[in-house]
Amino acid sequence: MGTASCIPPCPDGGPPVSGRLKRRAPETAAALKEAGGYAVIISGDPCYGACDLATDALDLADVLIHFGHAPVDSRPGVIYEYVRFDFDPEIAENAIALLDPAQPVGLVTTVQHAHLTDAVAAVLEGHGFTVVVGDGNARTPCRGQVLGCSYATARAAGTSQFLYIGTGVFHAIGVGLATGGARVVALDPYTGVVEEADASRLLRRRFAQIEKAREAETVGGIILSTKTGQRREELARHLASLSPVADIICMQEVSPDSLLNLGYACYVNTACPRLAYDDQVRFPVPVLSPPEYEIVRGGIRDWDDYIIDEI
Ligand code: SF4
């Protein structure tokens, strides 16, 4: 286990930042104006990740300061300002009863907690566990960091069990699917609740959507995001080439209304993978991931080779 963290330490060792970051826009702008006399323009658009940079605001300014996410690619003129969300590392003790002490534990988390990875590892090691934290890469630069669209650090850890620290179970389920079925224990660092991630419900829902798509007359709309870190043009073109009736549809925001208006009986999503997994219930027709589309097309992928979509 290394010791380096990609999160710069808080310069004053001060308290963690919490609460909705957008609500802190007025005080952040005031601080920048007071400290450096900067002219500040705030992006009022929603932002879902470092994949979703406010390029319109950048057109109006010399630099864009993007708060709360690690970079998913390199962009000139963008400063990524990490935001730490602290918790008590000792809370990892809640997960011990669900972990197998005879097997190494891979440790994964989201970027806002990545600065505490070593502290959590130390707690587990104090109880005799061997802890492995996978190295970061271009899309998830922090050690042990996972995104809803990238689990490369989990695969780098190479363990058969993981402790995921974060809220919700989507990332934990993703780690299990992306690592070929590793056991994943999810620990909510704020409530201390632990549970073993179970992919079966998600898989049942996705199987149902695949079957629905098979029944659709056309799987015609290949969604191509225009967001900076979600734009998978090559993949969209490849998927479109699999069917003579498929069209590429470029979109900034993928919404139920826009899909309904376009009128295709089924879509394939190359934008944020979570749209298909998390938001299907909002969409009027099946929205497949690219690997799911390969299953529908036949002869490319079988259901037994189901994989989670990653960017
Ligand atoms: S593509 Fe989706 S999961 Fe990936 S960083 Fe963006 S919002 Fe998060």
Side-chain angles (χ1 to χ4, degrees), residues 6-7 20-22 43 45-56 58 64 66-75 78 80-83 85 108-114 134 136-155 164-179 184 186 197 199 202 206 222-236 239 249-256 258-259 267-283 287-292 307-311:
C6 75
I7 310 283
R20 286 171 178 268
L21 292 182
K22 213 117 202 171
S43 169
D45 289 329
C47 172
Y48 300 99
C51 59
D52 189 11
L53 295 176
T55 48
D56 290 348
L58 187 55
L64 173 69
H66 180 98
F67 287 92
H69 304 114
V72 296
D73 53 20
S74 65
R75 300 266 157 187
V78 182
Y80 293 88
E81 191 66 25
Y82 292 95
V83 179
F85 282 59
V108 285
T109 187
T110 49
V111 66
Q112 64 267 34
H113 304 312
N137 63 12
R139 194 162 180 90
T140 47
C142 301
R143 293 169 53 249
Q145 181 201 351
V146 290
L147 286 169
C149 59
S150 178
Y151 303 96
T153 60
R155 280 191 295 277
Y164 164 73
I165 297 182
T167 52
V169 289
F170 179 83
H171 292 89
I173 289 172
V175 168
L177 290 174
T179 53
V184 187
L202 174 75
R206 298 317 300 169
I222 312 291
I223 298 168
L224 171 61
S225 174
T226 55
K227 290 184 178 180
T228 49
Q230 297 185 19
R231 182 176 166 150
R232 290 189 279 176
E233 187 176 338
E234 199 178 318
L235 175 63
L239 295 171
I249 300 161
C250 69
M251 311 174 90
Q252 177 76 10
E253 290 293 330
V254 183
S255 70
S258 52
L259 297 196
Y267 294 85
V268 186
N269 171 49
T270 70
C272 171
R274 293 195 66 168
L275 281 170
Y277 303 123
D278 269 0
D279 291 350
Q280 177 66 65
V281 69
R282 296 169 53 229
F283 295 123
V287 177
L288 302 181
S289 70
E292 289 167 353
I307 56 169
I308 195 163
D309 183 28
E310 294 182 65
I311 297 181

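Note that ligands are numbered from 1 as they come in the structure, with each ligand's atoms numbered from 1 the same way. The first residue of the sequence shown is numbered 1, and numbering continues consecutively from there. Values in this document were obtained by computation on a predicted structure and should not be read as measured data.
The Gly148 neighbourhood of ligand 1 comprises atoms 3 (S), with distances under 4.0 Å to a heavy atom of that residue. Close approach to Tyr48 involves these atoms of ligand 1, each under 4.0 Å from a residue heavy atom: 7 (S). Ligand-side atoms of ligand 1 in range of Cys51: 1 (S), 5 (S), 6 (Fe), 7 (S), range being under 4.0 angstrom from any heavy atom.
A donor-acceptor pair shorter than 3.5 Å can be found between the side chains of Gln252 and Thr226.
In this structure, Leu21 CG and Cys47 SG are separated by 9.5 Å, a value rounded to the nearest 0.5 Å. With rounding to the nearest 0.5 angstrom, the CG atom of Leu239 is 7.0 Å from the OG1 atom of Thr270.
Ring orientation note: the planes of His171 and Tyr164 are close to parallel, at an angle under 30° on the 30°/60° scale.
Among the backbone and side-chain atoms of Cys272, an N/O/S atom is found under 2.8 Å from atom 2 (Fe) of ligand 1.
Residue, atom and distance of the protein heavy atom nearest to atom 4 (Fe) of ligand 1 are Cys149 SG, 2.3 Å.
The salt bridge (charged side-chain N to carboxylate O under 4.0 Å, His left out) test with Asp309 singles out one residue from Arg232, Arg206, Arg274, and that residue is Arg232.
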